[in-house]
Amino acid sequence: MTRAKTVLYKIVFHNHGKVYELYARRVAASDIWGFTQIGELVFDVHEGVVVDPTEERLREEFGHTRVLHVPMHSIVRIEEVEKKGQSAIRDPESGEKVVTPFLPKQGPLPAKPR
């Protein structure tokens with residue numbers, strides 16, 4: 001008996017002036033016109049030390065989300081991938097990871113001026 005391959009998607013989309021990269025098991029057209037439905041978000045689970053603060057921030061923001069409805073015009077691309085990489089928040093111009101300190105009870109801290 002063969003096991004069905006578990007599908008995994010990498011979704012890249014614009015959100016609040018940044019580029020978000022998330023992984024999910026389900027992607028479909030939403031019942032809300034003009035939106036794409038993203039469900040069963042996948043996050044790395046680490047015990048103890050936080051390896052990637054960006055992953056932790058995304059888990060804090062979306063960890064309890066059952067279904068995420070993203071406007072179609074915000075989506076950059078959706079890829080079916082073999083394995084999960086690092087979820088990320090990137091600067092749209094440089095492509096570099098953006099690390100925003102995030103306190104669970106207070107939310108993101110304001111960015112430092114350049």
Side-chain angles (χ1 to χ4, degrees):
M1 185 167 138
T2 59
R3 263 180 116 181
K5 179 179 143 184
T6 303
V7 179
L8 182 64
Y9 297 99
K10 176 182 177 182
I11 302 97
V12 181
F13 62 97
H14 291 278
N15 185 36
H16 298 292
K18 295 183 178 58
V19 177
Y20 279 51
E21 297 175 7
L22 293 176
Y23 290 83
R25 299 268 179 227
R26 288 189 307 111
V27 175
S30 175
D31 291 338
I32 304 169
W33 188 82
F35 286 77
T36 298
Q37 178 177 309
I38 301 166
E40 298 180 38
L41 298 173
V42 178
F43 297 103
D44 289 337
V45 178
H46 299 287
E47 297 295 324
V49 179
V50 175
V51 176
D52 185 358
T54 305
E55 181 92 13
E56 180 68 20
R57 186 212 183 288
L58 288 167
R59 186 174 37 245
E60 286 290 328
E61 185 172 348
F62 297 112
H64 298 291
T65 302
R66 285 193 313 187
V67 176
L68 182 63
H69 297 270
V70 178
M72 284 193 284
H73 66 272
S74 295
I75 295 176
V76 175
R77 78 175 166 265
I78 298 172
E79 304 172 42
E80 186 175 332
V81 296
E82 292 289 324
K83 65 180 188 171
K84 184 187 175 306
Q86 286 292 322
S87 295
I89 301 172
R90 298 187 183 277
D91 180 270
E93 292 179 20
S94 70
E96 292 180 18
K97 277 189 174 183
V98 176
V99 179
T100 304
F102 189 86
L103 301 174
K105 302 239 186 243
Q106 297 174 0
L109 295 176
K112 294 179 183 175
R114 292 183 178 199

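Not measured: the values here are computed from a predicted model.
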Expected output: side-chain Glu79 to main-chain Lys10 donor-acceptor under 3.5 Å
no
Could I get the full list of side-chain hydrogen bond (donor to acceptor under 3.5 Å, both in side chains) partners for His14, not counting sequence neighbours?
none
Contacts of type salt bridge (Lys or Arg N to Asp or Glu O under 4.0 Å), residue Arg26, not counting sequence neighbours
Glu40
Separation of Ile78 CD1 from Ile38 CD1 (nearest 0.5 Å)
6.0 Å
Val42 and Glu55 have their tightest heavy-atom pair at O-OE2, 4.5 Å
I'd like to check the side-chain hydrogen bond (donor to acceptor under 3.5 Å, both in side chains) partners of Ser74; sequence neighbours left out, ordered by chain and number.
none
Do the side chain of Tyr23 and the main chain of Gly85 share a donor and acceptor less than 3.5 angstrom apart?
yes
Contacts of type salt bridge (Lys or Arg N to Asp or Glu O under 4.0 Å), residue Arg66, not counting sequence neighbours:
none
Measuring only between side-chain heavy atoms, which start at C-beta, is Val70 closer than 4.5 Å to Ile11?
no
If the threshold is 4.0 Å, N to carboxylate O, is there a salt bridge linking Arg59 and Glu56?
yes
Heavy-atom check, side chain of Phe13 versus side chain of Leu22, under 4.5 Å:
yes
For Arg25, give me all partners under side-chain hydrogen bond (donor to acceptor under 3.5 Å, both in side chains), at least two apart in sequence or on another chain.
none
Hydrophobic clustering (ILVMFWY, side-chain heavy atoms < 4.5 Å, transitive) - are Val12 and Leu68 grouped together?
no
So, using ring-ring contact (aromatic ring centres under 6.0 Å, His included) as the criterion, who are the partners of Phe35 when residues are at least two apart?
none
Got a second to check how far Asn15's CG is from Tyr20's OH, nearest 0.5 Å?
4.5 Å
